[in-house]
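Worksheet: the structure to be examined is printed underneath.
Proteins get letters first, then strands, A, B, ... in listed order; numbering begins at 1 in each.
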2 protein chains.
Amino acid sequence: MTFARDVTLRQLRGFAEVLRRGSVAAAAERLNLTAPAVSTQLKTLETLVGAPVLDRTGGALRPTEVGEELVRTMRLIETALARCDERIALLRAGAAGLVRLGVVSTGKYFAPGLVARFNRANPGITLHLTIGNRDDIVEALGAHGIDMAVMGRPPESLEVVARRLGPHPYVMIAPPDHPLANRPMVEAEALLSETFLARELGSGTRTLMMRELDQLGGGRSYRVVEMASNETIKQAVMAGLGIAMLSAHTVHTELAEGKLVALAVPGLPVMRHWFLIHLADEEPSPAATVFRDFVLSLDGAFLPGAAGQGTENRA
Amino acid sequence: MTFARDVTLRQLRGFAEVLRRGSVAAAAERLNLTAPAVSTQLKTLETLVGAPVLDRTGGALRPTEVGEELVRTMRLIETALARCDERIALLRAGAAGLVRLGVVSTGKYFAPGLVARFNRANPGITLHLTIGNRDDIVEALGAHGIDMAVMGRPPESLEVVARRLGPHPYVMIAPPDHPLANRPMVEAEALLSETFLARELGSGTRTLMMRELDQLGGGRSYRVVEMASNETIKQAVMAGLGIAMLSAHTVHTELAEGKLVALAVPGLPVMRHWFLIHLADEEPSPAATVFRDFVLSLDGAFLPGAAGQGTENRA
DNA sequence: CCCTCCCATAAAAATAATTTATGACTTTCG
DNA sequence: CGAAAGTCATAAATTATTTTTATGGGAGGG
């Protein structure tokens, strides 16, 4: 490193322009400078480099070998800067960029399809999808590990902007051959005698279920067996181990295929909402804004079993 | 072009350093600046780019997408400059570079070998070889089309530095079955009755020949047939069309193989010299200097039929 | 031979970068 | 919970750098 850390772009530009125009004066004019300014740039450059960069002998103005090396380098730099400029313009216009999206586990049944749809519509924007449980997603959002999140109920621990994406129904599921299946109305009494399969305490669905059952039974106790994942619960219900309350979007396929049925419990399905969330203190990037507008414009059409139903925005 | 023409390397370096160190203060220390200086650089950079480059929300200091683009570009620029620096160091040390060498036609019998030898000894230096008649070479030298030239008799039309490379004998050649061949001594009388094959007026060899013959014959006239090239003359002499004076180096092979013989004319062979020449007003590049030293150190050993004979330098 | 154009240098002016001084905000630790 | 330490941004002042104006010395052209 002899000159590289002290040389300036102006010097290199001045030099390159002198070679292009063939004279100091012409270069100066083009650079909106006076001739002495460019002359000084050249001199400084030669001092820094430690060797002549111009060969003035014999009329013509030619670069020395060192000078040619500098011009070559300057060309590289100029194209790098031009590319950078161009790319930043794209980023600013939202025509390129990266959006890191987190979706809670329940969303795994529609999130991939949503990502695919978005990718098709916006090839320039890369969408990173993270699926995790609610806590992970909230933490990632708070730690700037993701830019936006899709979840039910916005987190209270963070200052966020949340927008409704569409309805999120919860149903009580049972196997098709369950005694309570096909009943036009399931009484609280009968329901509370069942065994309930549910996620651990703290899970959003668990909380919701307990609230519903407490309300229904007026505080009567009931039996809960905990399971690690919605998928496990689904399988266990089909196997006849008990019944469970789950997001309808989690069991959409099984309901449609008749592998599971939704019980006609009063107050069910519980209607919640899906939200698109980002931190309030961070302006979403242009690309993220493009994604947000895209998702909102779908109006819930990406949700299982939906073909676009009206929802109001803003939580 | 929005920011590319106004951004400075210092700004980009400051920004990159902040990201590397994780803080403005640490970056400032490393750059031998104070924190406010770097802080200002960042602000100016963001103004120029028109978008934030740093994301300060939430403790950590991360680049925005735009910032990442800038860092990527800065890396390109830094490596380009480092490479340039390295290469210039080589050029300055004479370990790399280009030497454009011009050699007069007569030299075509040894120049390629000389170039090959030099290439083997100095792989970093590229040697461009131009072979042309004396006028072309002199013109190219004056027009900076070549850096150095090998020729007999330095040109008077240019201010040059000339150094002797080795002896340059001229001989009078004839076919082996010529009546004057094998004579221990050829008289002027007999010689001047011959037909002389020669290059056009102005050719160095022609001038030399005429001077010799005039001196030998005391002004007596003789017959000259002009031919376009030394090669043609050689062939014509072998075919018996006449005799000719040529550089011994031009006919070295034919003499060795007995296809031609040198006549024993008084005063012959005329001893001239080969010179290595460059313009006096131009300092030879390091690479050219390396070439010059190389050639001089050979001490004429590259000339046909020579195995290194002493010559004084400096014309 | 003179005139003009071009370039380099020097001094002056303008501009830009940096430092010192200061205050606000955040994090850390008692 | 509050004090202390650290970090960063801003403003004003200083210092560096760049540029311009002014000037003189060649080189090419009429």
Interatomic distance, A/L61 CG vs C/dC6 C1' [rounded to whole Å]: 11 Å
Side-chain N,O (A/S23) to OP1/OP2 (C/dC6) below 4.0 Å: no
Residue pair B/F15 / B/V71: nearest heavy atoms and the distance that separates them: CE2-CG2, 3.6 Å
Under 4.0 Å protein heavy-atom contact, by nucleotide of nucleotides 12-18 of chain C - B base, S sugar-phosphate only: ------S
Length of the CG-P vector between B/L42 and D/dT7, whole Å: 16 Å
Check: A/S39 side chain, A/A35 main-chain N or O, donor-acceptor pair, under 3.5 Å: no
Any donor-acceptor N/O pair, A/T64 side chain to A/P52 backbone, under 3.5 Å: yes
More than 12 heavy atoms from other groups under 6.0 Å of CZ on A/R100: yes
d(CZ, A/R21; P, C/dC7) in whole Å: 14 Å
Donor + acceptor pair across side chains of B/D85, A/T2 (<3.5 Å): yes
Rounded interatomic separation in angstrom, taking CG from A/D6 and P from D/dT18: 11 Å
Residue-phosphate contact under 4.0 Å: A/R56 side-chain N/O, D/dA27 OP1/OP2: no
Pair B/E78 + B/R75: basic N to acidic O under 4.0 Å: no
Rounded interatomic separation in angstrom, taking CG from A/L48 and C1' from D/dT18: 14 Å
Distance, rounded to the nearest Å, where B/L45 contributes CG and D/dA9 contributes P: 13 Å
